[in-house]
*Asks:* 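The structure is given below, and queries will be raised subsequently.
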Amino acid sequence: GYESSSLTVNVISGSSAVANLSLTEVTLPGSITGSVTDAEDGSPIAGATVSDGTRTVTTDTSGKYTIADVPPGTYQVTAGQSGYESSRSTLTVVSGGTAVMDFSLNTEPVPVNTIWVNRVRFSRFLSNLFVEVSVVGTNGFVVGADVDLNLVCSTGELWNFSGTTNTAGFVKIRLANAPVGSYAATVTSLKCSGFTWDTAKGTTATTYVLSG
């Protein structure tokens, strides 16, 4: 761990010579090694990126990695892979030593795409009563959403309708020969592939009075 040192001295007959030597400690590079695995099932993650902040390597098919020629010191080592949350740990590399750091990565949470009822609106034409339901999401109106609607009249009559939103993001149902009375329309179900209904947004019901 030290460099050798030499010094030439002259020894005079009958006397003692003193030689003081100063040794310089040799600093050798070390390495960081370990594995990267899936936190859920422990399977190796190939192609994961591991970095000590200066040097970057990728894991092999068995999830193993080695960062070579690392100067002694303390490092924050980060491991990451697409589809996983990155992980970071701190370790110390000593002169000529090998520091071991294993990482267990959690999969990234799947983003939840939500939709909601933007509007429930009544209209009439002659003896027909219409209820239009508009469905939107984060990126605007939603096409192909299945809507179930409950329609109640003060006469005691009850109707259940189903429909699918069109290219403009709404579905329109028609009640022919609608009796005079007070109506309440309520969306009871909203489904669309890849989406979740956020009932906290928008509206789900409205009322209307149909006079003679």
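Model, not experiment: these values are computed from the prediction.
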*Asks:* Any chain of hydrophobic side-chain contacts (each under 4.5 Å) joining Ile67 to Met101?
*Replies:* yes
*Asks:* Please confirm whether the backbone N or O of Gly47 pairs with a side-chain atom of Thr59, one donor and one acceptor, at under 3.5 Å?
*Replies:*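 The answer is yes, because a donor-acceptor pair under 3.5 Å joins these two groups.
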*Asks:* Quick check: are there more than 12 heavy atoms from other residues, nucleotides or ligands sitting under 6.0 Å from CZ of Arg124?
*Replies:* yes
*Asks:* Contact between Asp148 and Asn160 at the side-chain level, heavy atoms closer than 4.5 Å - yes or no?
*Replies:* no
*Asks:* Once rounded to the nearest 0.5 Å, what's the spacing between atom CG of Leu149 and atom NZ of Lys172?
*Replies:*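 Here the rounded value is 13.5 Å.
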*Asks:* For Pro179 and Cys153, work out which heavy atoms get closest and say how close.
*Replies:*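 Nearest heavy atoms, Pro179 then Cys153: CG-SG, 4.3 Å.
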*Asks:* Say whether Leu190 and Val136 are linked into one hydrophobic cluster, either directly or through other cluster members, by side-chain heavy-atom distances under 4.5 angstrom.
*Replies:*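 No.
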*Asks:* Quick check for you: to the nearest 0.5 Å, what is the distance between Ile45 atom CD1 and Ser104 atom OG?
*Replies:*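 Rounded to the nearest 0.5 Å, the CD1-OG separation comes to 7.5 Å.
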*Asks:* So do Asp38 and Tyr84 actually touch side chain to side chain, heavy atoms under 4.5 Å?
*Replies:* yes
*Asks:* Return yes if some donor-acceptor pair links the side-chain N/O of Ser154 with the main-chain N/O of Ser182 below 3.5 Å, else return no.
*Replies:*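 Flag set: sc Ser154 to bb Ser182 pair under 3.5 Å.
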*Asks:* Check whether any side-chain heavy atom of Glu108 sits under 4.5 Å from a side-chain heavy atom of Ser82, and report yes or no.
*Replies:*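 No, every pair of side-chain atoms sits at 4.5 Å or beyond.
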*Asks:* Looking at Ile115 and Phe195, what are the two nearest heavy atoms and their distance?
*Replies:* CG2-CD2, 3.2 Å
*Asks:* Can you find a heavy atom in the side chain of Tyr183 that is under 4.5 Å from one in the side chain of Glu157?
*Replies:*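 Of all side-chain heavy-atom pairs linking Glu157 with Tyr183, none is under 4.5 Å.
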*Asks:* Which heavy atom in Ala79 sits nearest to a heavy atom in Val50, and how many Å separate them?
*Replies:*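 Looking at all heavy atoms of both residues, the shortest contact is CB-CG2, 4.2 Å.
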*Asks:* Please say yes or no: joined through hydrophobic side-chain contacts below 4.5 Å, possibly via intermediate residues, are Trp116 and Val171 part of one cluster?
*Replies:* no
*Asks:* For the residue pair Trp197 and Val135, establish whether any side-chain heavy-atom pair is separated by less than 4.5 Å.
*Replies:*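 When only atoms from C-beta onward are counted, Val135 and Trp197 do not touch, as no gap falls below 4.5 Å.
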*Asks:* For residues Val94 and Pro72, determine if any side-chain heavy atom of one lies less than 4.5 Å from a side-chain heavy atom of the other.
*Replies:*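 No, too far: nothing below the 4.5 Å cut-off.
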*Asks:* Tell me the closest heavy-atom pair linking Ser43 and Asp41, and the distance in Å.
*Replies:*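 Closest approach of Ser43 to Asp41: OG-OD1, 2.7 Å.
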*Asks:* Between Gln76 (side chain) and Gly53 (backbone), is there a donor-acceptor pair under 3.5 Å?
*Replies:*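 Not confirmed, Gln76 side chain does not pair with Gly53 backbone.
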*Asks:* Kindly determine whether Phe122 and Leu151 satisfy side chain to side chain contact (heavy atoms under 4.5 Å, CB included), including the steps that lead there.
*Replies:* CA-CA 11 Å; Phe122 278 93; Leu151 186 61; 3.7 Å; yes
*Asks:* Quick check for you: to the nearest 0.5 Å, what is the distance between Tyr75 atom OH and Thr54 atom OG1?
*Replies:*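 Going from OH on Tyr75 over to OG1 on Thr54, the span is 7.0 Å.
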*Asks:* Considering non-hydrogen atoms only, spot the tightest contact between Val180 and Leu210 and give its length.
*Replies:*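 Shortest heavy-atom separation between Val180 and Leu210 comes out as CG1-O, 3.0 Å.
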*Asks:* Quick one: does any side-chain atom of Asp52 pair with a main-chain N or O of Val77 as donor and acceptor, under 3.5 Å?
*Replies:* no
*Asks:* Got a second to check how far Leu175's CG is from Asn128's CG, nearest 0.5 Å?
*Replies:* 8.0 Å
*Asks:* Atom OG in Ser31, atom CZ in Arg55: separation rounded to 0.5 Å?
*Replies:*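 Interatomic distance, Ser31 OG to Arg55 CZ, rounded to 0.5 Å: 11.0 Å.
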*Asks:* Is there a path from Leu91 to Val36 through hydrophobic residues (I, L, V, M, F, W, Y) whose side chains come within less than 4.5 Å of each other?
*Replies:*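 Yes; Val36 is reachable from Leu91 via cluster members.
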*Asks:* Side chain to side chain contact (heavy atoms under 4.5 Å, CB included) for Val147 and Val187? Distances and angles first, verdict last.
*Replies:* CA-CA 7 Å; Val147 179; Val187 177; 4.1 Å; yes
*Asks:* Write down the atom of Gly144, the atom of Cys192, and the distance for their closest heavy-atom approach.
*Replies:* O-SG, 3.9 Å
*Asks:* Is Val117 reachable from Phe141 through a run of I, L, V, M, F, W or Y residues, each pair having side-chain heavy atoms under 4.5 Å apart?
*Replies:* no
*Asks:* Check whether any side-chain N or O of Thr165 sits under 3.5 Å from a backbone N or O of Val142 as a donor-acceptor pair, and report yes or no.
*Replies:*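 Yes, because the side chain of Thr165 sits within donor-acceptor range (under 3.5 Å) of the backbone of Val142.
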*Asks:* Indicate whether the side chain of Thr196 and that of Thr114 have a donor and an acceptor atom separated by less than 3.5 Å.
*Replies:* no
*Asks:* Between OG of Ser87 and CG of Asn106, what distance do you get to the nearest 0.5 Å?
*Replies:*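 Going from the OG atom of Ser87 to the CG atom of Asn106 covers 8.5 Å.
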*Asks:* Any donor and acceptor pair, going by atom type alone, linking the side chain of Thr33 with main-chain N or O of Tyr65 inside 3.5 Å?
*Replies:* yes
